[in-house]
S.K.: 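I have a structure I would like to understand better, so I am pasting it below and will then ask my questions one at a time.
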Amino acid sequence: MARVVVDVMPKPEILDVQGQAVHGALGRLGISGISDVRQGKHFELEVDDSIDDETLHKVAGELLANPVIEDWVVTRS
């Protein structure tokens, strides 16, 4: 068994409303010095050795992410 991490983030050109809300809250908490916040999704999958990288990228692109507005990275650990 292996652990696979899939991180999904909005594409840079997509407005990140949740990230903006967090950034605004930082100011209200009196925290400065953080210029931008982007919020994404983090998935951890336990997979057996028969699952190849192509299948993992298919799972990420068809199930975990919206390829129109999100980018993703698949990492085996």
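Side-chain atoms are counted along with the backbone in the values below, which use heavy atoms only and exclude waters and symmetry mates. Model, not experiment: these values are computed from the prediction.
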S.K.: What residues form a side chain to side chain donor-acceptor pair (under 3.5 Å) with D48, not counting sequence neighbours?
M.R.: S50
S.K.: Suppose we screen for side chain to side chain donor-acceptor pair (under 3.5 Å). Which residues come up paired with N66, at least two apart in sequence or across chains?
M.R.: none
S.K.: Nearest 0.5 Å, what's the CE-NE2 distance between M9 and H42?
M.R.: 12.5 Å
S.K.: Testing the basics here: between P67 and G61, what is the closest heavy-atom pair and its distance to 0.1 Å?
M.R.: CD-O, 3.4 Å
S.K.: What's the spacing between D7 CG and E70 CD if we round to 0.5 Å?
M.R.: 11.5 Å
S.K.: Side-chain donor-acceptor pairs under 3.5 Å in residues 32-40, sequence neighbours left out?
M.R.:
{"residue": "R38", "atom": "NH1", "partner": "I14", "partner atom": "O", "Å": "3.1"}
{"residue": "R38", "atom": "NH2", "partner": "P10", "partner atom": "O", "Å": "3.4"}
{"residue": "R38", "atom": "NH2", "partner": "K11", "partner atom": "O", "Å": "2.8"}
{"residue": "R38", "atom": "NH2", "partner": "I14", "partner atom": "O", "Å": "3.2"}

S.K.: Please say whether more than 12 non-hydrogen atoms of neighbouring residues, nucleotides or ligands are located less than 6.0 Å from CD in E54.
M.R.: no
S.K.: Checking K58 now: which residues fulfil side chain to side chain contact (heavy atoms under 4.5 Å, CB included) with it, not counting sequence neighbours?
M.R.: E62
S.K.: Does L56 sit in a hydrophobic cluster with other residues, and if so which ones, taking ILVMFWY side chains as linked at heavy-atom separations under 4.5 Å, directly or through other members?
M.R.: V4, V6, V8, F43, L45, V47, I51, V59, L63, L64, W72, V74
S.K.: Are V22 and L29 linked, directly or through other ILVMFWY residues, by side chains that come within less than 4.5 angstrom of each other?
M.R.: yes
S.K.: Quick one: list whatever passes side chain to side chain contact (heavy atoms under 4.5 Å, CB included) with E46, sequence neighbours left out.
M.R.: M1, R3
